[in-house]
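Every chain is numbered from 1 and lettered A, B, ... according to where its sequence line falls, protein lines coming before strand lines.
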Number of protein chains: 2
Amino acid sequence: MSQAQDRSSARRGRPPSQKARQKALEAARGILMDEGLGRLSIEAVAARSGVGKPTIYRHWANASELAMEALMAGFPAGSGGGPAGLEAALAAQIATLTQAFATTRGRQIAMALATADPESEFTRAFRNRVLLSSREAGREMIAAAAAAGEIGAPEDIEVVLDMIYAPLLYRLLAGHQPLDAGLGPALAAGAMRCLAPSR
Amino acid sequence: MSQAQDRSSARRGRPPSQKARQKALEAARGILMDEGLGRLSIEAVAARSGVGKPTIYRHWANASELAMEALMAGFPAGSGGGPAGLEAALAAQIATLTQAFATTRGRQIAMALATADPESEFTRAFRNRVLLSSREAGREMIAAAAAAGEIGAPEDIEVVLDMIYAPLLYRLLAGHQPLDAGLGPALAAGAMRCLAPSR
DNA sequence: TTTCATTTACGTTACGTATCGTAATTAAAT
DNA sequence: ATTTAATTACGATACGTAACGTAAATGAAA
């Protein structure tokens with residue numbers, strides 16, 4: 001009976017197609033790379049992938065969700081959990097992010113962001129998914145260091161967090177300075193000076 | 001001032017385009033002739049004519065209205081106003097209709113009707129526009145003849161009207177017998193026998 | 001075990017409207 | 001009289017869903 005019970009949990013009818021889903025994601029990535037975020041639409045993805053619009057709408061609510069998944073799959077979300085010591089942990093976190101953006105995928109995300117309307121659904125979703133979650137992880141690392149007596153209680157943690165993470169986004173979008181290996185240690189050191197007790 | 005007043009009745013902004021309207025109608029006629037009523041759609045007309053769908057929807061509420069106008073423009077509506085004498089007037093009216101259906105346009109309409117769902121918007125609209133209005137014109141001719149003393153008051157005018165006009169539609173749709181010149185006099189003579197006082 | 005019925009997903013085509021940049025007009029300002 | 005502003009229509013593209021015939025599955029019946 002257990003086998004019958006196992007079987008009874010199987011859905012009847014035609015199963016959703018993972019193949020169709022992958023084809024849509026690949027087409028979306030192709031459009032993002034070849035033409036840019038502004039050219040990504042459900043119609044364009046359907047035309048390029050051969051996947052019907054109703055099927056695309058079964059997997060994603062709109063073009064922004066699809067774009068997000070097409071770009072973000074496999075991309076680190078900026079979590080903490082680095083080495084001991086606040087400065088080293090912050091430097092490691094930022095290094096992970098800058099390395100991620102240095103990949104082909106990361107550069108494409110950056111390009112997509114640069115061409116997108118800053119108030120678009122996609123840009124807001126990206127900030128939430130990567131930058132704000134990185135920022136929250138940083139807040140937790142700083143709070144843990146203060147609780148351990150490694151630093152004093154920060155006077156204005158919001159400003160410090162912005163000083164750490166805003167340059168990431170700024171360099172990403174403006175492209176005037178590189179997101180290189182030196183950024184992590186520099187930002188971490190700057191944060192430590194900001195967090196040192198004032199004299 | 002009257003000129004200014006005349007001018008004030010002119011609409012501001014871009015005038016609706018009669019050219020666009022004619023292009024849509026021509027494309028609709030082309031589709032009806034080449035492919036049949038079932039293939040006429042707003043998308044197909046837009047694609048064939050180059051007229052945008054929003055523009056088509058400004059002129060017609062749906063594909064059925066467009067089809068009706070594409071087919072019916074210039075087609076007689078089955079009005080009365082024929083010669084004196086009921087039998088001659090009825091024969092003339094039916095002759096006008098059968099001649100209209102004998103034209104290329106008329107045959108196309110017939111073909112369009114034959115392939116259409118009998119309950120479709122289009123078929124119902126056709127019945128309203130041509131057959132029912134013909135039937136009402138017939139009713140008026142019969143009522144006028146009765147008022148003039150040419151015939152007695154009909155006992156069951158609805159049956160008589162059906163006997164006159166139903167064969168038109170039946171021959172049109174079934175195609176088993178021709179809509180020829182003999183039909184008008186035959187139906188008119190039959191009507192007169194039906195309208196003669198019973199003995 | 002095989003066949004049939006039922007259920008759910010797929011892709012095609014169409015619908016009817018939204019948004020946008022451009023075009024064609026009239027009205028107002030200069 | 002000319003220029004500028006305002007208004008309305010146009011066509012392109014996209015949206016998100018409806019309807020339909022077909023495909024791919026499971027469950028029931030024979």
Worksheet item: Quick one: Arg21(B) CZ to dA9(D) C1', roughly how many Å, whole number?
Response: 15 Å
Worksheet item: Distance check: side-chain N/O of Thr55(B) vs OP1/OP2 of dG11(D), anything under 4.0 Å?
Response: yes
Item to complete: Indicate for each nucleotide in nucleotides 14-23 of chain C, in 5' to 3' sequence, whether protein heavy atoms under 4.0 Å reach the base (B), only the sugar-phosphate (S), or nothing (-).
Response: SBBBB----B
Discussion item. For Asn62(B) and Glu65(B): C-alpha separation, side-chain torsions, deciding distance, then whether side-chain contact (heavy atoms from CB on, under 4.5 Å) applies.
Written reply: CA-CA 6 Å; Asn62(B) 52 46; Glu65(B) 271 195 24; 3.8 Å; yes
Worksheet item: Are the side chains of Leu195(B) and Leu86(B) in touch, meaning some heavy atoms are under 4.5 Å apart?
Response: yes
Worksheet, complete the sentence: Those residues at least two apart in sequence (or on a different chain) that pass side chain to side chain donor-acceptor pair (under 3.5 Å) with Glu69(A) are Arg21(A), Trp60(A)
Worksheet item: Rounded to whole angstrom units, what separation is found between the CZ atom of Arg58(A) and the C1' atom of dT7(C)?
Response: 13 Å
For residues 51-58 of chain A, dump all side-chain donor-acceptor pairs below 3.5 Å to protein atoms at least two apart in sequence or in another chain.
{"from": "Lys53(A)", "atom 1": "NZ", "to": "Glu43(A)", "atom 2": "OE2", "distance (Å)": "2.7"}
{"from": "Thr55(A)", "atom 1": "OG1", "to": "Arg58(A)", "atom 2": "NH1", "distance (Å)": "3.2"}

Worksheet item: Arg11(A) CZ to dG27(D) C1': how many Å, rounded?
Response: 16 Å
Item to complete: Starting at atom CZ of Arg48(A), determine the distance to atom P of dT13(D), rounded to an integer number of angstrom.
Response: 17 Å
Discussion item. Whether the side chain of Arg12(A) and the base of dT6(C) hold a donor-acceptor pair under 3.5 Å is what I'd like checked.
Written reply: yes
Discussion item. Please enumerate all residues that pass side-chain contact (heavy atoms from CB on, under 4.5 Å) together with Ala166(A), with sequence neighbours excluded.
Written reply: none
Worksheet item: Pairs in or reaching into residues 139-148 of chain B: which pass salt bridge (Lys or Arg N to Asp or Glu O under 4.0 Å), with residues at least two apart or in two chains?
Response: Glu136(B)-Arg139(B), Arg139(B)-Glu158(B)
Worksheet item: Between residues 22-34 of chain A and DNA chain D, which residues have a heavy-atom gap below 4.0 Å?
Response: none
Discussion item. Measuring only between side-chain heavy atoms, which start at C-beta, is His59(A) closer than 4.5 Å to Leu25(A)?
Written reply: no
Item to complete: Would you mind reading off the distance between Ile56(A) atom CD1 and dT12(C) atom P, rounded to a whole angstrom?
Response: 11 Å
Item to complete: Output, in order, the C-alpha distance, side-chain angles, deciding distance and verdict of side-chain contact (heavy atoms from CB on, under 4.5 Å) for Asp180(A) and Arg171(A).
Response: CA-CA 10 Å; Asp180(A) 59 12; Arg171(A) 283 195 181 195; 4.2 Å; yes
